[in-house]
Amino acid sequence: MSHPSQIIRSAPVEKACAWGCGLLGFLIVVWLTPFGSATTPDSLLYLDTARHLSTFQGFSVSDISLHSEAIAKPLTTWPPLYPLTLAPLVFSGIPPVTAARWISAILFAATGLIFFRLARPAAHSPSLALPGCLAGLASLILLLQPILLTVYTHAWSETLFIPLSLLAFGAWEKFIRRCDQISNPNVFDIALPCASALLALACWTRFIGVSFALAAAIPLLLRRRFIQLATLLALPILSLIALLIRNLSTAQRFIEIEQAGYEGSLIGNLTATGGVIWTFFLAPHPMIALGLAGLVALAWTTSPIRRLPPPIRRSILQPLLWGGAYLVILVALRTWHPFDPIDVRLISPAIPFLLLALWRFFLLLPSHPLSTLKRQAALAAAAFWLIGSLIAGIALIQRVHLSWIVRHTPDLPSSPRATYTNFTAPINSASFAELKSELTRLDRSPILLFENPRLLRLHTSLPVKELPAHPLTPAEITTINRIGPCGFILLASKQAVHNLSMTYGGRLDRLQVIPLRQSPDLLVVRLPLPVK
């Protein structure tokens, strides 16, 4: 093979490929979010927090508890960095779901650019004299991954968490390469504090960012580089401690898990993790599965990794370590304290690292002394894998855009058997605006009770409390009546109407029902409620 110095690299071509990948990522998100980012219950919490930050109410969320008179409460469910990135756009008057859309588009473009840099052959193997523009192909495959397409079309913190984690990995890997070249690298090498700062930002985006810090610490611990280890972990640990102390001082708890109660065994969590990775990453299209199986079989028969120099071998294992550490800690946490089921969103931060490890391994196959037959088999398998990835990604993009137009929701998969529900479908936006206009006409500053209070709060900015999902007790009626005359109960579902009806023995004629011209499907009851 030719020496790298003998290969003429076209820097303008590589730069064009890199910026092209970034632009493609931006355009994909814009195309897949024609009415703003899709939302789930978690998204509503993020957007509500961004609204509070934009109005200088601090890192807080609307207090929807029926038994609380407070309007807001400190948010301790998640760290603050993602809502903080949305707050400036929300402050400027941009609707929250639109702000999330543009932030996601920018972050997806950044993800494509960062992955391009990490996937360049010369970035991990100075002896691998392959065109750097091959990284554009790797970045394209990443941008068309169904799991990432799902994540970046929703208002979730993973949209920020993933590029921060990749940046941290790039800075950390740069320092590790210098450790291979220099016996005693400077502890203040700029790459090390940069990696530490980026890991701290990742932890301030999602608490599980600490998994990447632990993955980065393992090689330094094995090499007994304790000063560098302390430098790496200082900022992530201190930032987490500061965040937890803030939570404890403001809300008397370290972390609040709002959606708990899902059961999960270790075997069940492992099965769910494997199912998501297999269905949406390894085999979303038969050609991907066939090509990947061929490449793995070929790699197994030739076993080039055992004869590779240690720095090159580590370049393959390092992203695998980061992605694996994240998945291990995710499964462990889910088993220890059940929360939301493991789905596409929770798996997504590991996907870029797993793809990077696969890509680097496959790049080594051409440099291995293969027979002509095996070389042709490798090229055929790689072609199947690449074409299958492109087909799966493009097909998903087309289906999602069509679903937006026809059903006003992206209808993206959350697991092999379920899809996410979009709470902010545009068909409802006009209805909420008309509802706010009618209610403020009836009362100057109404207080509302609703089944999904965060959704109503997002669209109307009015004070909202959560309506109990059962027939009301006398104590709850008393609590509701304390809200005063400027209040309404809104009932959008048949179950909610049934619950309120059963509160009064099936008779709704005892209630002050308000007919609304613009929202005839919504049952509106004026407070106070009659005492049972």
Side-chain angles (χ1 to χ4, degrees), residues 35 39-41 43-45 47-48 51 61-69 71 95-97 258-259 407-409 421-532:
F35 305 106
T39 57
T40 62
S43 305
L44 299 180
L45 204 61
L47 299 179
D48 190 24
R51 187 192 292 274
V61 67
S62 298
D63 192 339
I64 62 173
S65 173
L66 180 63
H67 303 285
S68 172
E69 296 181 2
I71 298 176
V97 291
E258 287 202 345
Q259 296 181 354
R407 304 170 58 190
H408 299 283
T409 180
T421 299
N422 179 23
F423 278 83
T424 51
I427 194 171
N428 297 326
S429 300
S431 300
F432 280 115
E434 293 167 353
L435 173 66
K436 179 179 180 180
S437 175
E438 288 200 71
L439 291 178
T440 52
R441 177 178 57 83
L442 293 171
D443 276 301
R444 228 175 211 186
S445 53
I447 300 174
L448 314 174
L449 284 88
F450 192 56
E451 305 146 68
N452 192 342
R454 298 200 191 283
L455 179 61
L456 193 60
R457 171 73 173 162
L458 176 69
H459 282 288
T460 66
S461 304
L462 296 172
V464 186
K465 295 295 183 180
E466 186 171 29
L467 184 68
H470 55 254
L472 300 176
T473 65
E476 289 171 337
I477 293 175
T478 301
T479 302
I480 291 172
N481 285 339
R482 283 202 208 105
I483 294 176
C486 296
F488 300 93
I489 293 179
L490 310 181
L491 306 170
S493 69
K494 292 181 180 179
Q495 185 61 47
V497 173
H498 174 74
N499 288 338
L500 188 59
S501 174
M502 293 304 295
T503 301
Y504 295 98
R507 293 182 58 189
L508 289 176
D509 56 346
R510 297 182 59 190
L511 306 177
Q512 303 179 61
V513 178
I514 307 296
L516 297 182
R517 294 168 297 176
Q518 303 296 337
S519 304
D521 296 333
L522 193 69
L523 183 64
V524 181
V525 177
R526 184 191 287 273
L527 298 183
L529 293 175
V531 179
K532 293 176 65 175

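Across every non-hydrogen atom of Arg454 and Asp48, the tightest pair is NH1-OD2, 3.7 Å. Minimum interatomic distance between Ser437 and Thr440 (heavy atoms only, all atoms of both residues): O-OG1, 3.0 Å. Residues Thr460 and Lys436 approach most closely at O-NZ, 2.9 Å, considering heavy atoms. The shortest non-hydrogen separation linking Pro530 to Ile477 is O-CG2, 4.0 Å. Residues Pro463 and Pro446 share a closest heavy-atom pair of CD-O, 3.8 Å. Here the closest heavy-atom approach between residue Ser68 and residue Asp63 is recorded as OG-OD2, 2.8 Å.
The side-chain heavy atoms of Val525 and Ile514, taken from C-beta on, include no pair separated by under 4.5 Å. No side-chain heavy atom of Leu44 sits under 4.5 Å from any side-chain heavy atom of Arg457. You'll find the side chain of Leu66 reaches within 4.5 Å of the side chain of Pro468, heavy atoms only. Here the side chains of Thr473 and Thr503 are not in contact, with every heavy-atom distance at 4.5 Å or above. Side-chain contact between Leu529 and Gln512: absent, with no pair of heavy atoms (C-beta onward) separated by less than 4.5 Å. The shortest side-chain heavy-atom distance between Pro41 and Phe423 falls under the 4.5 Å cut-off. Using a 4.5 Å cut-off on side-chain heavy atoms (C-beta onward), Phe488 and Val524 make contact. The side-chain heavy atoms of Leu449 and Val464, taken from C-beta on, include no pair separated by under 4.5 Å.
Taken to the nearest 0.5 Å, the CD1 atom of Ile64 stands 11.5 Å off from the CG atom of Leu456. Glu438 CD to Leu522 CG: the interatomic distance, rounded to the nearest 0.5 Å, is 9.5 Å. Here the OG atom belonging to Ser43 is positioned 11.5 Å from the CG atom belonging to Leu455, to the nearest 0.5 angstrom. Residue Phe450 holds its CZ atom at 11.0 Å from CD of Glu466, rounded to the nearest 0.5 Å. Here NZ of Lys465 is found 11.5 Å from OG1 of Thr479. Values are rounded to the nearest 0.5 Å. Atoms CD1 and CZ, on Ile489 and Arg526 in that order, are 12.5 Å from each other to the nearest 0.5 Å.
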Would Leu435 and Leu490 count as a side chain to side chain contact (heavy atoms under 4.5 Å, CB included) if you check the C-alpha gap in whole Å, the side-chain angles of each, and the deciding distance to 0.1 Å? CA-CA 10 Å; Leu435 173 66; Leu490 310 181; 3.9 Å; yes

Are Leu472 and Leu500 close enough, and set up right, to give a side chain to side chain contact (heavy atoms under 4.5 Å, CB included), and what steps lead you there? CA-CA 7 Å; Leu472 300 176; Leu500 188 59; 3.9 Å; yes

Worked verdict on Thr39 versus Leu47 for side chain to side chain contact (heavy atoms under 4.5 Å, CB included): CA-CA 9 Å; Thr39 57; Leu47 299 179; 3.8 Å; yes

Run the side chain to side chain contact (heavy atoms under 4.5 Å, CB included) test on Leu448 and Leu439 for me, step by step, so that the C-alpha distance in whole Å, both residues' side-chain angles and the decisive distance to 0.1 Å come before the verdict. CA-CA 9 Å; Leu448 314 174; Leu439 291 178; 3.7 Å; yes

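Inspection of the Glu451 and Ser493 side chains reveals an N or O donor paired with an N or O acceptor under 3.5 Å. At a cut-off of 3.5 Å, with distance as the only test, a side-chain donor of Glu476 or His470 sits close to an acceptor on the other residue. Between the side chains of Arg51 and Ser62, not a single donor N or O lies within less than 3.5 Å of an accepting N or O. For Thr424 and Asn422, the side-chain atoms include at least one donor-acceptor pair closer than 3.5 Å.
Residue Arg407 qualifies as open at atom CZ: its count of foreign heavy atoms under 6.0 Å is 12 or below.
Residues forming a side chain to side chain contact (heavy atoms under 4.5 Å, CB included) with Ile71 (at least two apart in sequence, or on another chain): none.
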